[in-house]
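This one's a predicted model, so the numbers in the text were calculated from it and none came from an experiment.
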Amino acid sequence: NVSTGNDSISNTTAVESIVNGKTTKKDISQLFGEPTGVEKRSNGVVVWTYINQSVKSSLFSSKGAVRELSVTFDSRGVVTDHSYSNQKIN
């Protein structure tokens, strides 16, 4: 069983607690820690990306998931948009 990236985004309850227009950078940082990637746009908008991959291998197969959380903040540090994906690997 191997996991890489940020395990905290596998907590869907925490992901579901994100509220556009209300949740702040500080809140996201406390929930998920440091992002895997940061994109700063010219208009002051910042996008944080979190990625987690987990794989369970046996002698004959591998199963797992790739999770990605993307959070967009306005220039004041408030969430304006977020998306979460959980892709199964078989």
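In the hydrophobic cluster analysis, where Ile, Leu, Val, Met, Phe, Trp and Tyr join through side-chain heavy atoms closer than 4.5 angstrom, Ile28 is grouped together with Val46. Hydrophobic cluster membership is shared by Tyr84 and Tyr50, with clusters built from Ile, Leu, Val, Met, Phe, Trp and Tyr side chains linked at under 4.5 angstrom.
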Would you list the atom pairs, donor with acceptor, under 3.5 Å between side chains in residues 30-42 and any protein atom, with sequence neighbours excluded?
from, atom 1, to, atom 2, distance (Å)
Thr36, OG1, Ile51, N, 3.1
Glu39, OE2, Arg41, NE, 3.0

Which atom pairs, one a donor and one an acceptor, fall under 3.5 Å between side chains of residues 11-18 and the rest of the protein, sequence neighbours left out?
from, atom 1, to, atom 2, distance (Å)
Asn11, OD1, Thr13, N, 3.1
Asn11, OD1, Ala14, N, 3.2
Ser17, OG, Ala14, O, 2.6

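Applying the side-chain contact (heavy atoms from CB on, under 4.5 Å) test between Asp74 and each of Val79, Thr80, Asn43 identifies Thr80 as the sole match.
Atom OG of residue Ser83 and atom CG of residue Leu69 lie 7.0 Å apart, to the nearest 0.5 angstrom. Going from atom CD1 of Ile9 over to atom CD of Glu68 covers 7.5 Å, rounded to the nearest 0.5 Å.
A donor-acceptor contact shorter than 3.5 Å is absent between the side chain of Thr23 and the backbone of Asn20.
Summarising the geometry of Val66 relative to Gln53, their closest heavy-atom pair is CG2-CG, 3.9 Å, with the distance given to 0.1 Å. Considering every non-hydrogen atom in both Phe73 and Thr24, the closest pair reads CE2-C, 3.9 Å.
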